[in-house]
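Note that the structure is predicted; figures quoted are calculated from it, not measured.
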Amino acid sequence: MTELLINTSISDAIDRLTILNVKTKKIVDDEKQKEIKIEKELLLNKLKPFLKDTVNYYCDILEKINMHIWELLDIAKYSNQTPEQELKYYREQEDYNERRFRVKRMIDNYLSSSIKEQKGYTNKRCCVLTHLGLGDHMYHGGMIRYLATVYDKIILVCYDSNMENLKLIFSDILNI
């Protein structure tokens with residue numbers, strides 16, 4: 001048996017695991033499913049210590065993103081459409097690939113991975129202005145976390161007195 005062992009970021013391994021989960025759902029060939037199962041079990045054994053709480057949350061997001069990328073590529077490649085429609089699906093796939101990178105970056109930050117993937121695309125920014133109380137920011141936490149997968153930098157407006165608490169709440173997200 002020939003295989004290659006390499007050092008990689010934890011998020012790359014987790015991303016690979018979520019892609020295998022998508023393949024389990026999308027590929028119907030029994031022989032391919034056997035190979036997918038072998039690789040999935042190997043990865044699960046290595047990743048088991050990391051797959052808890054917050055990381056499971058990120059795994060769920062990555063799997064949904066990877067499923068959507070798969071479906072967009074299927075539509076773009078196999079549907080009879082105009083070149084403009086096909087390009088639209090490829091561009092949306094690129095946007096989701098950037099979101100995938102941002103989630104992987106959050107995983108690496110959360111787990112203090114010594115290896116971190118880098119991308120060279122132009123950064124996108126947004127500003128979030130809720131009512132300025134701490135409870136309002138917590139209420140909008142899901143929206144803020146979602147935006148962290150769409151934008152590279154989020155400017156969160158808050159009172160100075162809430163700054164440290166918000167840094168703790170969103171400590172796993174470097175781009176706020």
Side-chain angles (χ1 to χ4, degrees), residues 1-81 83 85-121 124 141-152 169-176:
M1 179 155 111
T2 303
E3 56 187 41
L4 175 66
L5 298 175
I6 61 170
N7 291 332
T8 190
S9 68
I10 297 168
S11 70
D12 270 344
I14 290 171
D15 184 45
R16 181 71 188 150
L17 179 63
T18 66
I19 290 168
L20 290 169
N21 288 340
V22 170
K23 287 181 176 187
T24 299
K25 295 171 185 169
K26 291 291 192 175
I27 295 176
V28 294
D29 182 283
D30 289 339
E31 288 302 312
K32 291 179 181 179
Q33 282 293 335
K34 287 178 190 175
E35 295 297 324
I36 291 167
K37 184 179 180 183
I38 291 168
E39 185 178 356
K40 193 172 163 182
E41 286 177 9
L42 288 169
L43 268 174
L44 272 171
N45 287 334
K46 294 280 187 185
L47 289 171
K48 199 170 282 187
F50 304 104
L51 297 176
K52 299 174 184 153
D53 304 324
T54 300
V55 176
N56 279 335
Y57 164 77
Y58 289 130
C59 283
D60 290 344
I61 293 171
L62 269 179
E63 189 169 329
K64 287 175 182 161
I65 288 171
N66 283 323
M67 178 65 82
H68 194 66
I69 289 170
W70 184 291
E71 291 167 350
L72 287 169
L73 288 174
D74 275 353
I75 293 168
K77 290 190 295 188
Y78 304 121
S79 296
N80 293 330
Q81 353 178 10
Q85 291 171 320
E86 185 177 323
L87 182 60
K88 179 188 120 193
Y89 289 113
Y90 282 121
R91 285 199 173 136
E92 187 176 347
Q93 182 266 328
E94 287 174 7
D95 288 341
Y96 270 79
N97 203 35
E98 288 178 10
R99 290 184 68 189
R100 187 170 143 235
F101 163 71
R102 291 181 192 105
V103 174
K104 288 169 64 177
R105 181 175 55 190
M106 287 185 252
I107 292 169
D108 286 334
N109 178 50
Y110 181 76
L111 294 174
S112 301
S113 181
S114 59
I115 300 173
K116 295 179 174 90
E117 180 180 0
Q118 300 300 313
K119 293 284 187 178
Y121 60 81
K124 297 189 272 186
M143 175 193 70
I144 294 165
R145 287 184 176 282
Y146 169 79
L147 291 173
T149 72
V150 178
Y151 295 94
D152 298 289
I169 292 168
F170 297 112
S171 63
D172 56 314
I173 305 174
L174 287 175
N175 57 337
I176 292 182

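For Asp53, the CG atom is loosely surrounded, since the number of other residues' heavy atoms within 6.0 Å does not exceed 12. Counted within 6.0 Å of CG on Asn7, heavy atoms from surrounding residues, nucleotides or ligands total 12 or fewer; the atom is thus considered open.
Of all heavy-atom pairs between Thr24 and Ile36, the closest is OG1-CG2, 3.6 Å. What you find for Ile14 and Cys59 is that their closest heavy atoms are CG2-SG, 3.3 Å. Pairing each heavy atom of Val55 with each of Phe50, the nearest pair is CB-O, 3.2 Å. Residues Tyr90 and Leu73 share a closest heavy-atom pair of CE2-CD2, 3.7 Å. Residue Lys124 comes nearest to Val150 through the heavy atom pair CE-O, 3.6 Å, listed as atom of the first residue, atom of the second, then distance.
Using a 4.5 Å heavy-atom threshold, the side chains of Arg99 and Ile61 count as separate. Put simply, the side chain of Ile19 reaches to within 4.5 Å of the side chain of Arg16, judged on heavy atoms. No side-chain heavy atom of Met67 sits under 4.5 Å from any side-chain heavy atom of Asn21. Residues Ile173 and Ile144 fail the side-chain proximity criterion, which asks for heavy atoms closer than 4.5 Å.
For the side-chain hydrogen bond (donor to acceptor under 3.5 Å, both in side chains) with Arg100, the lone residue among Thr18, Asp15, Asp95 that qualifies is Asp15.
Between atom CZ of residue Arg105 and atom CD of residue Gln118 there is a gap of 8.5 Å, rounded to the nearest 0.5 Å. For the atom pair Gln81 CD and Leu87 CG, the distance stands at 10.5 Å (nearest 0.5 Å). Here CD1 of Ile169 is found 9.0 Å from CZ of Arg145. Values are rounded to the nearest 0.5 Å. Distance check: Tyr151 OH to Ile176 CD1 gives 14.0 Å after rounding to the nearest 0.5 Å. Note that OG1 of Thr54 and NZ of Lys52 are 12.0 Å apart. Values are rounded to the nearest 0.5 Å. Here Asn175 contributes atom CG and Leu147 contributes atom CG; the two are 10.0 Å apart, rounded to the nearest 0.5 Å.
A salt bridge does not link Lys88 with Glu92: every distance from a Lys NZ or Arg NE/NH1/NH2 to an Asp or Glu carboxylate oxygen is 4.0 Å or more. Between Glu63 and Lys25, at least one side-chain nitrogen of the basic residue sits less than 4.0 Å from a carboxylate oxygen of the acidic one, meeting the salt-bridge criterion. Remark: Glu31 engages Lys34 in a salt bridge, criterion side-chain N to carboxylate O under 4.0 Å.
In this structure, the side-chain hydrogen bond (donor to acceptor under 3.5 Å, both in side chains) partners of Asp108, at least two apart in sequence or on a different chain, are Ser11.
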Legend entry - side-chain contact (heavy atoms from CB on, under 4.5 Å) between Leu17 and Lys46, intermediate numbers included: CA-CA 11 Å; Leu17 179 63; Lys46 294 280 187 185; over 6 Å; no
Inset, instruction - Check step by step if side-chain contact (heavy atoms from CB on, under 4.5 Å) holds for Leu51 and Leu44. - result: CA-CA 9 Å; Leu51 297 176; Leu44 272 171; 3.9 Å; yes
Inset, instruction - Could you go through the side-chain contact (heavy atoms from CB on, under 4.5 Å) check for Gln33 and Lys37 one step at a time? - result: CA-CA 6 Å; Gln33 282 293 335; Lys37 184 179 180 183; over 6 Å; no
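Judged by distance alone, with hydrogens and angles left aside, the side-chain atoms of Glu86 form no donor-acceptor pair with the main-chain N or O of Lys77 at under 3.5 Å.
Using modelled atom types and a 3.5 Å distance limit, the side chains of Asp74 and Trp70 yield a donor-acceptor pair. Side chains of Asn109 and Lys116: a donor-acceptor N/O pair is absent below 3.5 angstrom, by distance only. Donor-acceptor pairing under 3.5 Å is lacking for the side chains of Thr149 and Arg102.
Legend: ring-ring contact (aromatic ring centres under 6.0 Å, His included) pairs involving residues 95-116, not counting sequence neighbours, sorted by first then second residue: His68-Tyr96, Phe101-Tyr121.
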